[in-house]
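Values in this document were obtained by computation on a predicted structure and should not be read as measured data. In what follows, chains are A, B, ... by sequence order, proteins preceding strands, each numbered from 1.
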Amino acid sequence: MASNLREIAEHSSAWPFEEARKIVARLNKRPKDEIIFATGYGPSGLPHIGTFGEVARTTMVRHAFRVLTGDKVKTRLIAFSDDMDGLRKVPDNIPNKDMVAEHLGKPLTKVPDPFGTHPSFGEHNNARLRAFLDVFGFEYEFLSATACYTAGRFDETLLRVLAHFDAVMGIMLPSLREERAQTYSPFLPISERTGVVLQVPVIAHDGKAGTITYEDPDTGETVTTPVTGGRCKLQWKPDWAMRWVALGIDYEMAGKDLIDSVKLSGEICRAIGGRPPEGFNYELFLDEKGQKISKSKGNGLTIDEWLRYASPESLSLFMYREPKAAKRLYFDVIPRHVDEYHQYLDAYQRQDDRQRLSNPVWHIHSGHPPKIDMPITFAMLLALVSSSNAENAETLWGFIGRYRPGVTPQTHPKLNELVDYAIHYFRDFVLPAKTYREPGEQERAALSDLRDALSQLPSDASAGDIQDVVYEVGRREPFLDKTGKIKTRDGKPGVSLEWFNMLYQVLLGQEKGPRFGSFVAVYGLKNTIEMIDGALARSA
RNA sequence: GAGCGCGUAGCUCAGAUGGUAGAGCACCUGACUUUUAAUCAGGUGGUCCUGGGUUCGAGUCCCAGCGCGCUCACCA
């Protein structure tokens, strides 16, 4: 069975397999004991939706690779934090900005934690990142740049970079503008005096001694320092190349904004005798207007927002789909992905192995998608929640039970999760957008009468009985039917549409709604009466 | 300037290995309901950006062009 699956995987056009085959080819060329996947995180801050995407996608490739190799080759996923980068500017979204401002330029792991929960800002961010990855159950190994540098784990490779100093400069300089090229150095010494990561020209380097020499920008003093032991860090692109070599990275994907960086880092990697990892450039996420999503602009969706309205699995589906196409990430895409996720789950049960391997849920669930019965779509649920004024899960379940008899939170726990998401949607989007029309004099009188009539009904009155009462109260001006088309069986005057429209516009703040008797039966007589009282008080 | 992506129904988008163009929404009709849908059954709607090429056959593969968008070139 397993070998059969493997054979199919070898010809699958699903992108994780395409990627994994690149790694297999790499492995065949240069055999090694284990394959190392990497993802990196900048210092600028907190985990965001792109972070999730990168880890989720890398995990999919990793799993595809394991299937392709019959799980005979060990794999690791390194989550690498650039926590030794100098703090360039004070982020907007943190407390104690003044304190942090005093430490500008220092490695993040030397800046005190503005939140006061960790020894340093860098460690704070690292903890946030790990907590974030853990929520999703990702399997990974965390590495801190600071820890690697100071423990000497990078020393050997740092010396190799130093030995190829001129070659590295030869690669970097043509990519820089003239004024920047004047001062560029791949090595950034960390000042013994101030602790700041210095961006200064290197006036001499000594490969044998393993040192560089620079001029202290404040004192003008000439300083010679070893490049090892955490006394120097590397500039971004050489740093990436060094890390690939030092850690033996085989695969790392990156956003398309980093295409040039990947290229240059790859050249540097080769220059110091390494082999750049296999890679993949994914497209960036756009907001609904097609603008790039950025944390500073605050456009697009955050991961918290997605998870407030839908499951992590639906977000994984979003990440699986066409990683090379620019995709808009805004609220409207959520319901579709939730429903498609369940469609794929359903389809999976009916598919053969070949189809299964190109089914997104196979990749999302690492080959073991669950079997879930979802009797109602999320799109319908959202329509239901907004048309039924269901402010809480109990009310919404009342409507669901009416619509799909026998379906309960107990029989369908996954649907219950969707119900919670739908309620969030209602509170955040539907409720604030409601505009309640003011009733006129005659309408107020009718509403008041309706309130009294409903209060006379037994608490277990049926939807039909309630509907009859609603008609009876509405059988008055200005709601009588003028068209002559509507007639009751016993010849009483008909009630026009206006009566019901008024109820929805005044009571629910919407143009249309469900059959009113059914609505009251589920919503509750008492709640309905309170709602009418509220409307009368609001307009009094 | 360099790189990447996109162009399919009114809108948002699917269309593995080439084989009679699809979905959702919107719209229209009907059913159900003494009038209100969130239900159900149907339906209208497309020069698949353009022009070549390969092929028995191209939305799909190749070349060229047009249009749109994004990214990079300071830092990570």
Exercise. Compute both the distance and the angle, then confirm whether A:Arg57 meets the cation-pi test with A:Phe280: under 6.0 Å from the six-membered ring centre, within 45 degrees of the axis.
Key: no
Quiz item: Out of B:C4, B:U12, B:A76, which nucleotide sits closest to the side chain of A:Arg336?
Solution: B:U12
Quiz item: Within this structure, what is the CH2-to-P distance between A:Trp236 and B:C72, rounded to whole angstrom?
Solution: 12 Å
Quiz item: Are OP1 or OP2 of B:C75 and a side-chain N or O of A:Arg180 less than 4.0 angstrom apart?
Solution: yes
Quiz item: Taking the same atom, C1', in B:G22 and in B:A9, what whole-Å distance lies between them?
Solution: 10 Å
Practice problem: Please report, rounded to the nearest Å, how far the P atom of B:U33 is from the CZ atom of A:Phe500. | Solution: 15 Å
Self-check item: Phosphate contact (B:C74 OP1 or OP2) by A:Arg177 side-chain N/O below 4.0 Å
Solution: yes
Quiz item: Rounded to the Å, how far apart are A:Leu418 CG and B:A38 P?
Solution: 19 Å
Exercise. Compare the minimum distances between each of B:A14, B:C75, B:C4 and the side chain of A:Ile259, then state the nucleotide with the smallest one.
Key: B:C4
Practice problem: Could you check which nucleotide pairs with B:G18 in any of the strands shown, counting Watson-Crick or G-U wobble with both distances under 3.5 Å? | Solution: none
Quiz item: A:Ser265 side chain to A:Ser261 main-chain N or O, any donor-acceptor pair under 3.5 Å?
Solution: yes
Quiz item: Across the strands shown, which category fits A:Ser13 at heavy-atom distances under 4.0 angstrom: base, sugar-phosphate, nothing?
Solution: sugar-phosphate
Quiz item: Is the side chain of A:Asp353 donor-acceptor paired with the backbone N or O of A:Leu5 at a distance under 3.5 Å, no angle test?
Solution: no
Self-check item: Residue matched to B:A41 through Watson-Crick or wobble contacts both under 3.5 angstrom
Solution: B:U29
Quiz item: CD of A:Glu472 versus P of B:U34: gap in Å, rounded?
Solution: 15 Å
Self-check item: Nucleotide paired to B:C75 in any strand shown, Watson-Crick or G-U, under 3.5 Å
Solution: none
Practice problem: Look through every strand shown and name the nucleotide pairing with B:C48 as Watson-Crick or G-U wobble, where both distances are under 3.5 Å. | Solution: none
Exercise. Describe the nucleic acid contact of A:Lys324 in one word from base, sugar-phosphate, nothing, applying a heavy-atom distance below 4.0 Å.
Key: sugar-phosphate
Quiz item: Quick one: which of B:C75, B:A14, B:G3 gets closest to the side chain of A:Gln199?
Solution: B:C75
Practice problem: Could you measure between the two C1' atoms, the one in B:A21 and the one in B:G46, and give it in whole Å? | Solution: 8 Å
Exercise. Sticking with atom C1', work out how far B:C27 lies from B:G53, rounded to a whole angstrom.
Key: 41 Å
Quiz item: How far, in whole Å, is B:A2 from B:U17 if one measures between their P atoms?
Solution: 31 Å
Quiz prompt | pair A:Trp362-A:Val67: side-chain heavy atoms closer than 4.5 Å | solution = yes
Quiz item: Just how far, in rounded Å, is P of B:A76 from NZ of A:Lys237?
Solution: 8 Å
Exercise. Can you tell me, in whole Å, how much space there is between the C1' of B:U12 and that of B:A16?
Key: 23 Å
Exercise. Among B:U17, B:A76, B:G69, find the nucleotide with the atom closest to the side chain of A:Arg354.
Key: B:U17
Quiz item: Counting side-chain heavy atoms from CB outward, which of B:A38, B:U71, B:A76 is closest to A:Met380?
Solution: B:A38
Quiz item: Quick one: on RNA chain B, does A:Leu258 or A:Ala325 contact a more 5' nucleotide (nearest heavy atom)?
Solution: A:Ala325
Practice problem: Using atom CD of A:Gln355 as one end and atom C1' of B:A16 as the other, report the distance to the nearest whole Å. | Solution: 10 Å
Quiz item: Can you check the A:Phe519 CZ to B:U39 C1' distance for me, whole Å?
Solution: 18 Å
Quiz prompt | Sugar-phosphate, base or nothing in reach of A:Leu381, heavy atoms under 4.0 Å | solution = nothing
Quiz item: What does B:C70 pair with, Watson-Crick or G-U, if both distances are under 3.5 Å?
Solution: B:G3
Self-check item: Nearest-angstrom distance, P atom, B:U54 to B:G69
Solution: 35 Å
Practice problem: Among B:A14, B:A76, B:U71, find the nucleotide with the atom closest to the side chain of A:Leu284. | Solution: B:U71
Quiz prompt | Nucleotide paired to B:U34 in any strand shown, Watson-Crick or G-U, under 3.5 Å | solution = none
Quiz prompt | Interatomic distance at P, B:U47 relative to B:C28, whole Å | solution = 22 Å
Self-check item: P gap between B:G43 and B:G24, integer Å
Solution: 12 Å
Quiz item: From B:A38, B:U34, B:A76, pick the nucleotide closest to the side chain of A:Asp468?
Solution: B:U34
Exercise. Say whether, by atom type as modelled, one donor and one acceptor occur between the side chain of A:Ser175 and the main chain of A:Met172 under 3.5 angstrom.
Key: yes
Self-check item: Distance in angstrom units between A:Phe516 CZ and B:A37 P, rounded
Solution: 15 Å
Quiz item: Has the side chain of A:Lys256 got a donor or acceptor atom sitting under 3.5 Å from an opposite partner on the base of B:C70?
Solution: yes
Quiz item: For A:Leu384, which contact category applies under a 4.0 Å heavy-atom criterion: base, sugar-phosphate, or nothing?
Solution: base
Self-check item: Under 3.5 Å donor-acceptor, A:Arg21 side chain and A:Ala9 backbone
Solution: yes
Exercise. For A:Gln349, look at atom CD and say whether over 12 heavy atoms of other residues, nucleotides or ligands are found less than 6.0 Å away.
Key: yes
Quiz prompt | Check: A:Phe154 main-chain N/O paired with A:Arg243 side-chain donor or acceptor under 3.5 Å | solution = no
Exercise. Mark yes or no for a side-chain to base donor-acceptor pair under 3.5 Å between A:Gln467 and B:U36, with no hydrogen or angle criteria applied.
Key: yes
Practice problem: Determine the contact category for A:Glu322: base if any of its heavy atoms lies under 4.0 Å from a base atom, sugar-phosphate if only primed atoms, P, OP1 or OP2 are that close, otherwise nothing. | Solution: sugar-phosphate
